[in-house]
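Just so we're on the same page: letters track the sequence lines, and every chain starts at 1.
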Amino acid sequence: MRAPSSELPIEFDHVTLTAGGVTILDQITLTLAPGAPTVLIGPNGSGKSTLLRVAMGLLSPSRGRITWGGLEDVPPLKRAIVFQRPAMLRRSAAANIRFALRAAGIPRAEHARRTGELLELVGLAHVADRAARRLSGGEQQRLALARALARDPAVLFLDEPTASLDPVATKGVEDIIRAVSERNIKVVMATHDLGEARRLAGDVVMLHRGRIVERGVAVSFFDAPQTGEARAFLAGELLI
Amino acid sequence: MTQDVTALQLVLSGDPALFAIVRLSLYVSLSAVALAALIGIPLGAWIALTKFPGRQGVIVLLNALMGLPPVVVGLAVYLMLSRSGPLGAFGLLFTPGAMIVAQTVLVTPIIAALARQTIEDLWIEYRDELSAMNLGPLGRVAALIWDARFSLVTALLAGFGRAAAEVGAIIIVGGNIEGFTRTMTTAIALETSKGDLPLAVGLGLVLIAIVIAVNALAWTARRAGERLAG
Ligand SMILES: Nc1ncnc2c1ncn2[C@@H]1O[C@H](COP(=O)(O)OP(=O)(O)OP(=O)(O)O)[C@@H](O)[C@H]1O
Ligand SMILES: [Mg+2]
């Protein structure tokens, strides 16, 4: 039951996902390879969260296929995700992390130390014993990040991880993302914050209505977008 | 009014016969609730987390069974436990054991139906997170039951209230034998029909006091727990 030596690359091969007669993802072909963070951008409802769920293995494509390190149906032992709206277990902040450590099969002897380190990392050591559901939205989002990191993942999916954070906390989380990425953990992140995308992205994937409209190295994407949709989106225009 | 005074005196005097009746009642109802919890909570959790054909029908049936008429349950258990019945060999009829069986049958659907609802609501909330943590079925059920524990106490209370209050089932399978299977509710029924109203009223007061005390205790525990766990 060990994870394959490599979760990467994650390959989408003409992945289409329909639900309730709606096409949410449309013929996505995409390779997520080791390296700097891949950032997903696109308007509301363009399919970013859905793409992350498929990449995590929580949703199966209706058509097409997805592979992790060349294999199909790889359980998410070495993948972790922070959802757009994370659910907090009805336990203390520290107990939420311990739960994730236990689920990941981390030896019990390490739980106390790792829990302390992770809470420290996301700046929540002072609320360790507080009920997680009583934490503020931003604190919950940071706790969800710590809980995801508790799994010691090879790939980390982040769905708008700074959406409800204040500027200081945002900087803190961006620093964590950079540090995580430097430890060779692949980060795949959806964001609406174009400044954040510029600061963190190695490459950018832009989605619109479930399709990839443009993908490229971050620098060239932001400086010289190739498609009308990308130019309009970066200029802050409404996409229809 | 004078009747009430004598009833109160009876209760306060700590009459040993009355005490034995109260003790038997608690023993039967609490045992039934414990057994019903052992069956009903896992059953409710299983229905909450499993997709199978006819699931909706099972849920409707379970909810309907919450209102089982005690006398009918008593009759069914009587038939099962009577000498010629399929479980007659155990010789349980007209013992406290038979009363526990009958109340367990009565209470299990209540606990299972309420647990199913509670655990399913929590599962909808936790599904993504628990799936992302690659938790197996047992781990999921354990996490859900643990995190739903304060709400599940309410289900147990509903079951206890039902068991402690019912008379129809236990009077049939227990026989209301003095000093052996006489509980508060069966004694109240008997004493009222005999015209010994002070004893009936005294027992009624004790029964209500116990139900209130158990609920207050559980409510306090729940509040304290929720403050800690959120
Ligand atoms: N289970 C479902 N059934 C039907 N439609 C769905 C389902 N899940 C998602 N959708 C639809 O798919 C589209 C893409 O949703 P998704 O959450 O992936 O968008 P997003 O890019 O993450 O948007 P946002 O920026 O608002 O977070 C939306 O229009 C949504 O309504
Ligand atoms: Mg989204």
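- Atoms CG and CZ, from B/Asp128 and A/Arg85 in turn, are 10.5 Å apart once rounded to the nearest 0.5 Å.
- Annotation for B/Arg23: atom CZ does not count as buried by contact number, only 12 or fewer foreign heavy atoms lying within 6.0 Å.
- In terms of heavy-atom proximity, B/Ala143 sits nearest to A/Arg91 at O-NH2, 3.6 Å.
- Heavy atoms closer than 4.5 Å to chain B are found nowhere in A/Ala104, neither backbone nor side chain.
- Looking at A/Arg102, there are no atoms closer than 4.5 Å to chain B (heavy atoms on both sides), in backbone or side chain.
- Taking a 6.0 Å sphere around CZ of B/Phe94, one finds it holds more than 12 heavy atoms contributed by other residues, nucleotides or ligands.
- Residue A/Arg130: no heavy atom, backbone or side chain, is found under 4.5 Å from chain B.
- Applying the 6.0 Å contact sphere to CZ of A/Arg108 captures no more than 12 heavy atoms from other residues, nucleotides or ligands.
- Here the closest non-hydrogen pair linking B/Glu129 and A/Phe83 is OE2-CD1, 3.3 Å.
- Looking at A/Arg151, only its side chain comes within 4.5 Å of chain B, counting heavy atoms on both sides.
- In this structure, the side chain of B/Asp147 does not engage the main chain of A/Leu89 through any donor-acceptor pair within 3.5 Å.
- Heavy atoms of other residues, nucleotides or ligands lying less than 6.0 angstrom from CD of A/Glu110 number more than 12.
- Heavy-atom contacts from other residues, nucleotides or ligands closer than 6.0 Å to CZ of A/Arg178 number more than 12.
- Heavy-atom minimum distance, A/Met56 versus B/Ala132: CE-O, 3.5 Å.
- Taking every heavy atom of both residues into account, A/Pro76 and B/Ser131 meet most closely at CG-O, 4.0 Å.
- Within 6.0 Å of CZ in A/Arg211 there are 12 or fewer heavy atoms belonging to other residues, nucleotides or ligands.
- For A/Arg90, the parts lying under 4.5 angstrom from a heavy atom of chain B are both the backbone and the side chain.
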